[in-house]
Amino acid sequence: MSAKVFHESSELHVTGKAIYVDDINSPSNTLFGYVVTSKIAHGKLCSFDLSNAQKVAGVAAILSWKDIPGHNQMGAIADDETVLVQNEILFIGQALFLIAATTEQAALQAASLIKTEVETLEPVITLSDSIQKGWKLNETVVMQRGNALNAFKTCAHVIEASAESGAQEHWYLETQAALAIPGENREIKVFSSTQHPSETQSKIAEVLSIGKNQVTVETRRLGGAFGGKETQANMVAAWAALLANSTQKPVKIRLFRDDDQRMTGKRHPFLTHYKVGFNAEGKILAYQVSFNANAGYSSDLSMAILARARTHAENAYYIPDILIESTAWRTNLPSNTAFRGFGAPQGIYAIEDAIERIAVFLKKDAAEIRHLNFYTKTQNTTPYGELVENNHLETIWEKLVKSSNYYNRKEAVDSFNKVHTYEKRGIAFTPVKFGISFNTPHLNQAGALVNIYTDGTVLVNQGGIEMGQGLYTKIQQIVAFELGLPIEKVLVNATITSTIPNTSATAASSGTDLNGMAAKNATDQIKERIAAFLNKHWKISDTKNSIQISELVFSNEKITHSKKTELTISFTEVINLLYTNRISLSAQGYYSTPNLYFNKETQQGRPFHYYVFGMAVSEVELDLLTGRHKILRTDILHDSGNSINPNIDIGQIEGAFMQGVGWCTTEEIKWDVKGNMLNHSPDTYKIPGIRDIPQQFNVNLLENAPNPNTIHQSKATGEPPFIHALSVLFALKYAIASIKNHSIYPDLDIPATNEKMVLCIQKLKD
Ligand code: MTE
Ligand code: HPA
Ligand code: MOS
């Protein structure tokens with residue numbers, strides 16, 4: 001496939017012409033929708049009075065829970081999220097009332113005039129408080145192989161430690177938005193910035209008490225999502241729909257940046273305890289790990305996120321005896337949610353931290369310990385019983401050790417540190433193995449509709465969402481390739497629930513895997529019709545000689561018989577012949593990933609279609625006095641199978657890595673004891689900027705690694721490279737540990753902010 005295909009919207013993006021929900025030309029009578037939220041983290045809504053607020057000129061509707069025609073629930077998995085608070089208030093930013101007004105000013109004035117009486121209860125904000133109070137969201141889930149507790153007894157060495165990681169704000173550039181337009185007879189159309197139009201449609205139908213067939217949700221593109229719009233776009237859409245239904249006018253809600261940051265969930269903070277048993281060489285023999293996640297006030301996707309943490313607890317390593325436990329804990333915070341990696345980063349962090357400790361303990365190189373423990377051809381079964389097939393760990397290791405010049409550079413780092421007092425360097429080598437598929441097996445399905453028009457142009461509808469990751473481009477490439485057309489002839493339409501029903505979220509990195517296969521299934525059907533037609537057209541009457549679809553070459557807008565090249569016809573001509581012969585030029589494609597199963601009771605099965613592998617080496621320089629640091633160089637070798645679009649995949653790897661660097665270093669969310677988020681805007685919440693990018697950044701895709709049984713032998717790329725950022729964290733820790741000649745392991749968790757690093761360094765120097 002051609003390598004240089006640009007993102008289908010790149011020109012629109014850079015010229016500001018790309019249309020997001022807020023840019024849609026909405027009808028002139030569109031009302032401004034506003035959400036009034038709770039200012040206390042825990043309490044009761046005893047009474048309220050809307051009368052003064054309702055008198056404000058320009059106010060069209062103010063709604064409370066009493067005005068919801070249907071179900072006052074919008075949890076994605078469990079019924080534990082109200083659309084509007086009915087009784088108990090559970091976090092700051094929880095929706096109490098909805099206002100629709102002709103202007104923003106009128107809405108804000110009305111909001112200030114709403115009177116409420118609330119009873120305040122003591123909030124639980126931190127994970128440790130929640131654990132102490134026993135606020136379990138679920139019973140602890142256990143996954144195990146062998147008997148780790150017994151195995152520790154025979155291990156030469158055992159280390160016990162904790163690993164903590166913090167929340168992370170998604171910081172999509174486009175805040176949550178929805179435009180709801182009422183139609184006749186309670187039908188409604190909603191433009192929503194959602195990763196999951198079908199679920200958004202469901203929630204709207206439930207709160208309005210209408211059929212899903214009366215609700216259409218449409219999404220052309222998102223200005224970033226990163227998991228933050230997998231479930232949490234539903235509420236904004238449901239609120240806009242409620243207001244539109246009540247006023248019978250179009251209503252748009254677009255959350256203000258600060259409100260979005262205060263109201264929506266983050267990456268789950270984790271408090272993890274582990275125990276690792278190993279021999280003198282560094283081979284891990286037993287591992288016990290207990291994950292505790294801060295879920296926030298409701299379930300949301302916490303259980304699935306913990307499931308991914310469990311299935312990634314061993315990362316790239318074969319560990320014979322292993323015991324993995326996970327628990328989600330409730331707090332009075334917004335409900336934490338999906339975020340790139342979906343629990344895997346938190347799960348992987350603990351085992352990687354354990355390896356760093358083993359290396360310090362044995363006075364060995366941490367990369368060597370990693371290498372020693374990799375899954376191999378024989379030690380290849382995961383703790384949940386899935387085989388690690390087509391394992392590229394050793395190949396990537398060998399190539400990256402060489403291309404990054406790891407060993408020599410590590411020596412150079414050590415030499416640098418011997419002669420520098422205030423600047424120290426560090427280097428670290430980390431791997432990732434990441435399972436691809438939704439870990440809820442039934443979600444692994446997708447649909448597509450391919451329409452060919454008589455001018456030879458093609459319109460593709462499919463269930464996936466474009467959020468910047470290049471899904472539409474890859475779909476366009478797949479369909480163009482299958483039909484032998486230039487990509488300009490293929491347009492990918494906005495994703496609409498009325499065209500492709502019952503879709504899954506675009507998540508779990510599997511957007512192209514699933515929707516690309518569904519689109520190919522649709523083109524396959526049309527190609528079968530073309531082959532059948534050409535048998536007649538070319539008067540091939542003998543069935544022995546009849547044309548098989550595999551004998552037809554679709555290329556350069558022509559269809560040619562591979563063996564009898566004189567048999568050739570232009571694409572547009574054959575399309576028109578099909579039309580006049582009354583053969584359909586449209587096909588509905590479908591795909592479901594084969595051979596996936598998982599038994600929740602035994603925690604055994606085959607949850608993933610395949611694994612993605614990759615490794616990173618990062619070198620950093622740290623100023624011991626200020627904690628300021630720069631990434632001098634990062635080398636990443638990553639497996640995207642036969643990449644459908646190498647430029648897009650490299651962009652995904654760079655972006656995921658940098659987002660991971662933010663999680664590992666600068667991004668820290670602070671709450672006060674009452675549950676107020678203290679940093680809810682970009683001036684106080686620090687995502688990586690352009691100067692934080694590695695000075696030398698070498699990102700390469702693993703070559704000659706076709707992935708069997710996937711779309712064009714490609715691999716998903718969206719989330720796994722987030723894990724590569726751990727190389728930066730451990731490089732920083734290596735720099736700090738050099739102060740003590742690597743005899744200690746620095747007490748430093750995620751995020752390792754400048755402030756925390758300085759404190760850690762001071763402690764070591766005391
Ligand atoms: N890339 C961009 N530019 N914007 C995003 O919001 N989301 C990430 C990843 N890459 C995201 C992104 C997440 S969390 C996932 S699951 C995948 O994209 C989803 O898209 P895919 O399945 O098509 O890879
Ligand atoms: N990733 C994202 N969303 C999900 C998953 C997953 O693995 N499982 C269920 N929802
Ligand atoms: Mo991605 S966290 O699966 O949306």
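Remember, it's 1-based here, ligands and their atoms both numbered in the order they're listed. Here the structure is a predicted model, which means the values were calculated and not measured.
Residues K203 and G75 approach most closely at NZ-O, 3.0 Å, considering heavy atoms. Pairing each heavy atom of L306 with each of A293, the nearest pair is CD2-CB, 3.9 Å. Closest heavy-atom contact between Q604 and P383: NE2-O, 2.9 Å. Across A18 and Y20, no two heavy atoms sit closer than the pair O-CD1, 3.5 Å.
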Could you go through H170 and Q659, starting from their C-alpha distance and side-chain angles, then the distance that decides it, and tell me whether this counts as side-chain hydrogen bond (donor to acceptor under 3.5 Å, both in side chains)? CA-CA 9 Å; H170 299 83; Q659 199 163 36; over 6 Å; no
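Nearest non-hydrogen protein atom to atom 1 (Mo) of ligand 3 is E719 OE2, 3.5 Å. Regarding atom 8 (C) of ligand 1, its nearest protein heavy-atom neighbour is R340 NE, 3.8 Å. Nearest protein heavy-atom neighbour of atom 4 (N) of ligand 1: M467 O, 2.9 Å. In terms of protein heavy-atom proximity, atom 4 (O) of ligand 3 is closest to Q195 NE2, 2.8 Å. At the top of the distance list for atom 10 (N) of ligand 1, counting protein heavy atoms only, stands Q652 OE1, 2.7 Å. Considering only non-hydrogen protein atoms, atom 23 (O) of ligand 1 sits nearest to Q469 NE2, 3.0 Å. Counting only heavy atoms of the protein, atom 3 (N) of ligand 1 lies nearest to G468 C, 3.4 Å. Nearest protein heavy-atom neighbour of atom 15 (C) of ligand 1: E719 CG, 4.0 Å. Atom 22 (O) of ligand 1 has its closest protein heavy atom at G511 N, 2.7 Å. For atom 3 (O) of ligand 3, the nearest non-hydrogen atom of the protein is A508 N, 2.7 Å.
Heavy-atom contacts from other residues, nucleotides or ligands closer than 6.0 Å to CD of Q713 number more than 12. For F6, the CZ atom counts as loosely surrounded, since its 6.0 Å shell holds 12 or fewer non-hydrogen atoms of other residues, nucleotides or ligands.
Electrostatic pairing of D649 and K474 counts as a salt bridge here, judged by a charged N lying under 4.0 Å from a carboxylate O. Salt bridge E719/R340: absent, no basic N to carboxylate O contact under 4.0 Å. Salt-bridge formation is not detected for the pair R257/D260: no Lys NZ or Arg NE/NH1/NH2 atom is positioned less than 4.0 Å from an Asp or Glu carboxylate oxygen. The pair K229-E174 counts as a salt bridge, with a side-chain nitrogen and a carboxylate oxygen less than 4.0 angstrom apart.
A cation-pi arrangement, defined by a distance under 6.0 Å to the six-membered ring centre and an angle within 45 degrees of its axis, is present between R267 and F722.
Atoms of ligand 1 lying under 4.0 Å from any heavy atom of A507, numbered from 1 in the order shown and given with element: 16 (S). Applying the 4.0 Å criterion to heavy atoms of G227 picks out, from ligand 3, the atoms 2 (S), 4 (O). Residue-ligand proximity, E230 to ligand 3, at heavy-atom distances under 4.0 Å covers atoms 3 (O), 4 (O). The contact set between ligand 1 and G224, taken as ligand atoms under 4.0 Å from a residue heavy atom, comprises 6 (O). Ligand-side atoms of ligand 3 in range of F339: 2 (S), range being under 4.0 angstrom from any heavy atom.
Here A338 has no heavy atoms under 4.0 Å from ligand 1, in either its backbone or its side chain. With a 4.0 Å heavy-atom cut-off, ligand 3 is reached by the backbone of A507 and by its side chain too. The backbone of A508, and not its side chain, has at least one atom closer than 4.0 Å to an atom of ligand 1 (non-hydrogen atoms only; backbone = N, CA, C, O). Only the backbone of R340 comes within contact range of ligand 3, with a heavy atom under 4.0 Å; no side-chain atom does.
With atom 24 (O) of ligand 1 as the reference point, the heavy atom nearest to it among A656, G341, S509 is part of S509.
A search for side-chain contact (heavy atoms from CB on, under 4.5 Å) contacts involving A78 returns D80, S299, not counting sequence neighbours.
Note: H7 and H13 have tilted aromatic rings, judged against thresholds of 30 and 60 degrees for the angle between ring planes.
A 4.5 Å side-chain heavy-atom check between N390 and P708 finds at least one atom pair inside the cut-off.
A centroid separation of less than 6.0 Å is found between the aromatic rings of H312 and F608.
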Can you produce the list of protein nitrogen or oxygen atoms under 3.5 Å from a nitrogen or oxygen of ligand 2, alongside each distance?
| residue | atom | partner | partner atom | Å |
| --- | --- | --- | --- | --- |
| ligand 2 | 3 (N) | E230 | OE1 | 3.4 |
| ligand 2 | 3 (N) | E230 | OE2 | 2.7 |
| ligand 2 | 7 (O) | R308 | NE | 3.1 |
| ligand 2 | 7 (O) | R308 | NH2 | 2.9 |
| ligand 2 | 7 (O) | N439 | N | 3.4 |
| ligand 2 | 8 (N) | N439 | OD1 | 2.7 |

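Within the structure, ligand 1 lacks G655 among the residues with a heavy atom less than 4.0 angstrom away.
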